[in-house]
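Every chain is numbered from 1 and lettered A, B, ... according to where its sequence line falls, protein lines coming before strand lines.
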2 protein chains.
Amino acid sequence: MNKPVTIKDIARKFRCSPSTVSRALNNHPSINEDTRRNLQEYAQKVGYQRNQVSLNLLNTKTASIGVIVPTINNYYESAIIEGIDGVLHPLGYTLNICVTNEQYLLESEYITKLLSNRVEGIFLSVSQETYDFGHYEHLENVGKRNLPLIFIDRDYEGFSAGSVTIDDYHGAFAAVQHLVNTGRKRIAHLKGPNGMAVTEQRFKGYAECLRQYGLPLEESLIINTNFKVESALEPTAQLLELDQRPDAIFGVNDQVAIGAMKVIREKGWRVPEDIAVVGFDNSPISAYISPSLTSVGRPGRQIGEEAARIFLNYPDAAAKRDNPVHIVLPSQLIIRDSSAGIRR
Amino acid sequence: MNKPVTIKDIARKFRCSPSTVSRALNNHPSINEDTRRNLQEYAQKVGYQRNQVSLNLLNTKTASIGVIVPTINNYYESAIIEGIDGVLHPLGYTLNICVTNEQYLLESEYITKLLSNRVEGIFLSVSQETYDFGHYEHLENVGKRNLPLIFIDRDYEGFSAGSVTIDDYHGAFAAVQHLVNTGRKRIAHLKGPNGMAVTEQRFKGYAECLRQYGLPLEESLIINTNFKVESALEPTAQLLELDQRPDAIFGVNDQVAIGAMKVIREKGWRVPEDIAVVGFDNSPISAYISPSLTSVGRPGRQIGEEAARIFLNYPDAAAKRDNPVHIVLPSQLIIRDSSAGIRR
DNA sequence: ATGTGGTTTGCAAACGTTTGAAATTTTTTG
DNA sequence: CAAAAAATTTCAAACGTTTGCAAACCACAT
């Protein structure tokens, strides 16, 4: 862990000025050919690495941008990051990935850190806690700096910024419509945590679809989960013990749907014959489990790409704080075995 | 996107020196109470954020460390990152997560970037390409700087550095032993890409176990995959068309095992009655699919934690370049339905 | 007035690099 | 050989912050 070699060190060694070394290493034309070669060779030998920190200071820019997400352990989130990186990496930007673990405190801490590290933009998928408590003071300084802020996946209407989200509403609607069309009458919903936009939009799609098809919205058929597979177990068991058992379950995501399927099987019912199951995310595994899972696909990668493009167009009027762009990408129902077969 | 307020701006506004502003904002005792309050209030109002870049330069340290992984879209990798962060975040370190997507070029580029950004340590899980081509020139400058480098998950013997890995060998051995003990005679292996340590260690465990139990090692029963679920489909189909069909399949990871199960079902065979299946990773989903998947668990989080501890102890002799620490954590077989039932 | 002691503020240097302009050295030319 | 031109190198400032040390200011006692 020895000190990095600096341009000054090299200059001292060669009894020349730091300017000369700098120009030599940057192939500046006004440097003598021999000098250039000697300096470059020596720099290479001692493993000189230009100090980017000093450059960032000098240029007052960093070519780095912050990405704050609740979790990375998940197909969808990492697809978003890939999408952002795919657009921004070729342009020389570096991503600064921060994982909040759904905690407001960490989110706030990371915002401060990113601002203080002078990132040139922030992509934010707000944590569950932030949503729950609804306080957005940590974004104030982002506003004061007028730094490009783009909400990804989870939007927050209270703060005027660009956003790229999924049409959860229509995705959910399509899923439930599919269940209705295949003859299901009592469709339960394993809902996410109350208050979150994803959760509520999907719920809305579910509720509205039932309404349009004249089916009742029954409270006993709607139970909260927290997106994790385990959180579906108890609620599903509860559903199966109802006097009027559901004949379909719409899970807020694939994890929950998979958890539900497990319980259904364990209780001796069949999927899809007795109970159809539909998830949300179209995670890679959903096509390979048995029965394969019908699911609503979200174009995670595309979200990231669109968000990156908003960032790149930021100086444009359209993307500005007073009139932010909101992109809503469609989701797509992918029908598989877990909901197959028409019922009469 | 307006310029950040600096300490100089504030000083100009208040007709005082930058030193005074700096001290006031840092609650230095020698600052007049009124001055302090005024300056702090103003700084707060205009959203002043100290410029960490300049501080990093001044102190020639950054309290940030690089983490280079092939992918983050995966339970295991993200558990490792969580582990590292869990230990290092409370101490004020910031992680700089880089995803190589298994490409040597990106890995090399990130190493350079991290060095040049003056990170204080690097955690590296080498990419598949790096492994394949076996060139480690990109690590030379890390060596010259004598910067703490810790291999996580995938070790490379050619470069003297600390490492934390999994005992893949014994994990694989245990998995195959379990299959043998439950009466399986023709155990196939869906191997990973040749040359990678994980792949080869697991293969070794498989091969050695067969040898110890007097079972032949048949080439036709060993086929390569690339860890992804799709990559198991064709190889499994191939296995099922053999004259002497296998009665068990040991997959290099859960994804591959799940892919294999799908094909087995589609061809009309039963798991585990006709063919037992065992995976590797104990990914969260493995307990919830049907049949639930027997798998070898890897303590990802613990890997990250141990690696972080090596980093923290780096000045110690034990962790130094000339005598690096190598920690090998045990893996653990978790038996589920996909391999249940004894056969005679 | 002068000195003492305490409080508060400012100066200047430092971190590593780049870059316009000035200075120096080398080469060319008449 | 001197002058002009060209090639090469150095100087100094800048980015934003901190900090040891010196300076300024104030109140109060002599």
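Nucleic acid contact for A:L55: sugar-phosphate only, since backbone atoms but no base atoms lie under 4.0 Å from a heavy atom of the residue. B:F14 comes within 4.0 angstrom of no nucleic acid atom, judged by non-hydrogen atoms across all strands. B:N26 comes within 4.0 angstrom of sugar-phosphate atoms only, judged by non-hydrogen atoms across all strands, and of no base. Nucleic acid contact for B:S17: base, since at least one base atom lies under 4.0 Å from a heavy atom of the residue. Within 4.0 Å (heavy atoms only), B:S30 reaches at least one base atom of the nucleic acid. Among the atoms of the strands shown, only primed sugar atoms or phosphate atoms (P, OP1, OP2) are found under 4.0 Å from some heavy atom of A:R50. Residue contacts shown for B:I7 are limited to sugar-phosphate atoms, with no base heavy atom under 4.0 Å away. Using a 4.0 Å heavy-atom criterion, one finds that B:T6 contacts the sugar-phosphate atoms exclusively. Residue A:S22 is in base contact, counting any heavy-atom pair closer than 4.0 Å across all strands shown. Within 4.0 Å of A:S19, counting heavy atoms only, lies at least one base atom of the nucleic acid.
In this pair, B:F311 and B:F123 present their aromatic rings tilted. The plane angle is within the 30 to 60° band.
Side-chain contact between B:Q49 and A:S116: present, with at least one pair of heavy atoms (C-beta onward) separated by less than 4.5 Å. Considering only heavy atoms from C-beta on, B:N74 stays 4.5 Å or farther from B:V69 through its side chain. You'll find the side chain of A:I152 stays beyond 4.5 Å of the side chain of A:L124, heavy atoms only. In this structure, the side chains of A:F14 and A:T20 stay at 4.5 Å or more apart for every pair of heavy atoms. You'll find the side chain of B:R118 stays beyond 4.5 Å of the side chain of B:N56, heavy atoms only. Considering only heavy atoms from C-beta on, A:L106 stays 4.5 Å or farther from A:E129 through its side chain.
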One pair to check against side-chain hydrogen bond (donor to acceptor under 3.5 Å, both in side chains): B:E82 and A:N101. What are the steps and the verdict? CA-CA 10 Å; B:E82 268 179 43; A:N101 215 13; 5.8 Å; no

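Extent of DNA chain D lying under 4.0 Å from chain A heavy atoms, first and last nucleotide in 5' to 3' order, is D:dT8 to D:dG16.
When each of A:P18 and B:L57 is assigned the nucleotide of DNA chain C with its nearest heavy atom, B:L57 is the one assigned upstream, toward the 5' end.
Rotation axes derived from the C1' atoms of the five outermost pairs at either end of the helix from C:dA1-D:dT30 to C:dG30-D:dC1 lie 80° apart, to the nearest 10°.
When A:T165, A:L329, A:I84 are each tested for a side-chain contact (heavy atoms from CB on, under 4.5 Å) with A:I303, only one passes: A:L329.
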